[in-house]
Amino acid sequence: MNIILLAPPAAGKGTQASLLTKKYGFKHISTGELLRKSLEANDAVSLEIKETMQAGKLVSDAIILQLIEKEFLVAEQGIILDGFPRNKTQALKYAELLTSLGQEIDYVFYLAVPKAVAMERIFGRRTCPSCGKIYNSRALENKEKCMDCNTALVKREDDTEETFDLRYETYIKETSPLIAFYQEQGLLYEIDASLSTEEVFASIEKVLSKESE
Ligand code: AP5
């Protein structure tokens, strides 16, 4: 099973991917997370990646495709892609990769959310640097530690108003054309992601259960 979560920044891709992984045992591949991990190398490439992310732009396709191919080689079960593909080149390369593996895309969930809602969500986001769990400060009630592994939570460096605006612009220009691209292939399912986390998850599950009937 190959699922793509396509959405603007902070729409809830990571949150929904974690819920799907927990329930169905899929492998969650987040290119944003992979890139943040790669920054630990602290070399020239990671510096370039950091600057690009801070500027809200897309990291080069060559770097992204290398990361994705590595993850696919070790994936044995269904895959949920969170944050990939993000432009037409990546979408075409991904289609090629799947064809070479004798696989295909099963669902593309487009998590639709107005910019203002996404922006509000982003300012409250806290993440666990150890296990990657995503929180929102509204639901944390002043707790600053991860409920699963007790690590101190952090705010992402790119969760500022300025960077959010740049990321959103990049999304509109480079990623949103993929909505029509996948719609034309009959793979797109639009989900109202302005609803609560549970309601969004229920909408995704409804599609999955209907299609498997
Ligand atoms: P990435 O890490 O993918 O960032 P993003 O796309 O901007 O998405 P986010 O991770 O910010 O948000 P999300 O949709 O996962 O929302 P979340 O679940 O956390 O990418 C970062 C950067 O890396 C990019 O800008 C780019 O530079 C680079 N990059 C990544 N992939 C690339 C690629 N393929 N090619 C080139 N460059 C690439 O939720 C957000 C908050 O909202 C949380 O606090 C959460 O608790 C809360 N929340 C979630 N759902 C709900 C809900 N339904 N109701 C209320 N609150 C909610």
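All residue numbers in this chain count up from 1 along the given sequence. Counting starts at 1 for both ligands and their atoms, following the listed order. Heavy atoms only: backbone and side chains are in, while hydrogens, waters and symmetry mates are out.
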A.B. asks: Only pairs at least two apart or in different chains count here, so list each salt bridge (Lys or Arg N to Asp or Glu O under 4.0 Å) that has a residue in residues 1-26.
C.D. replies: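 Sorted pair list: K23-E205.
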A.B. asks: Closer than 4.0 Å to some heavy atom of K57 - which atoms of ligand 1 meet that?
C.D. replies: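 So the answer, numbered in order with elements, is 26 (C), 27 (O).
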A.B. asks: Can you list the ligand 1 atoms lying under 4.0 Å from a non-hydrogen atom of T15?
C.D. replies: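 Counting atoms of ligand 1 from 1, those under 4.0 Å from T15 are 17 (P), 18 (O), 39 (O), 45 (C), 49 (C).
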A.B. asks: Does E33 have a non-hydrogen atom less than 4.0 Å from ligand 1?
C.D. replies: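 No, that is not the case, since the closest heavy atom of the residue is not under 4.0 Å from the ligand.
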A.B. asks: Going by heavy atoms, is G56 under 4.0 Å from ligand 1?
C.D. replies: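 G56 does not count as a contact of ligand 1 under the 4.0 Å cut-off.
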A.B. asks: Show the atoms of ligand 1 that are less than 4.0 angstrom away from any heavy atom in Y135.
C.D. replies: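 Taking each heavy atom of Y135 in turn, ligand 1 has 43 (C), 44 (O), 46 (O) under 4.0 Å.
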A.B. asks: More than 12 heavy atoms of other residues, nucleotides or ligands under 6.0 Å from CD of E162: yes or no?
C.D. replies: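 Counting other residues, nucleotides and ligands, CD of E162 stays at 12 neighbours or fewer.
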A.B. asks: Heavy-atom contacts with R36 under 4.0 Å: which atoms of ligand 1 show up? List them by number with element.
C.D. replies: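 Taking each heavy atom of R36 in turn, ligand 1 has 2 (O), 21 (C) under 4.0 Å.
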A.B. asks: With heavy atoms of L35 as the reference, note each atom of ligand 1 found under 4.0 Å away.
C.D. replies: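 In order of number, 23 (O), 28 (C), 29 (N), 30 (C), 38 (C).
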A.B. asks: Does ligand 1 have any atom sitting under 4.0 Å from a heavy atom of A7?
C.D. replies: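 Distance cut 4.0 Å: A7 fails for ligand 1.
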A.B. asks: Mind checking whether F109 and Y107 have parallel, tilted or perpendicular rings, split at 30° and 60°?
C.D. replies: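 Plane angle under 30°, so parallel.
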A.B. asks: Take every heavy atom of I49, measure it against each atom of ligand 1, and state whether any distance is under 4.0 Å.
C.D. replies: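 I49 does not count as a contact of ligand 1 under the 4.0 Å cut-off.
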A.B. asks: Report the part of I64 in contact with ligand 1, treating N, CA, C, O as backbone and CB onward as side chain, heavy atoms under 4.0 Å; options are side chain, backbone, both, neither.
C.D. replies: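 Side chain only.
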A.B. asks: Going by the salt bridge (Lys or Arg N to Asp or Glu O under 4.0 Å) test, which pairs reach into residues 165-178, not counting sequence neighbours?
C.D. replies: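 Listed by first then second residue: K115-D165, D158-R167, D159-R167.
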A.B. asks: Which ligand 1 atoms are under 4.0 Å away from a heavy-atom of P9?
C.D. replies: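 Taking each heavy atom of P9 in turn, ligand 1 has 5 (P), 7 (O), 8 (O) under 4.0 Å.
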A.B. asks: For R167, which part has a heavy atom under 4.0 Å from ligand 1: side chain, backbone, both, or neither?
C.D. replies: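 Within the 4.0 Å criterion, R167 contacts ligand 1 through side-chain atoms alone.
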A.B. asks: Measure P85 to ligand 1 on non-hydrogen atoms and call it side chain, backbone, both or neither using the 4.0 Å cut-off.
C.D. replies: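 Neither; nothing of P85 gets under 4.0 Å from ligand 1.
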A.B. asks: Looking at K57 and E51, is there a salt bridge between them, counting it only when a charged N and a carboxylate O are closer than 4.0 Å?
C.D. replies: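 A salt bridge is absent here (no side-chain N lies under 4.0 Å from a carboxylate O).
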A.B. asks: Between Q90 and ligand 1, which residue portion shows a heavy-atom distance shorter than 4.0 Å: side chain, backbone, both, or neither?
C.D. replies: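 Side chain only; the backbone of Q90 stays clear of ligand 1.
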A.B. asks: What atoms in ligand 1 come closer than 4.0 Å to a heavy atom of G12?
C.D. replies: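 With G12 as reference, the close atoms of ligand 1 come out as 13 (P), 14 (O), 16 (O), 17 (P), 18 (O), 39 (O), 49 (C), 50 (N).
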A.B. asks: Mind checking whether R156 has a heavy atom under 4.0 Å from ligand 1?
C.D. replies: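 R156 counts as a contact of ligand 1 under the 4.0 Å cut-off.
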A.B. asks: Could you list the atoms of ligand 1 found under 4.0 angstrom from a heavy atom of G14?
C.D. replies: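 So the atoms of ligand 1 that pass are 13 (P), 15 (O), 18 (O).
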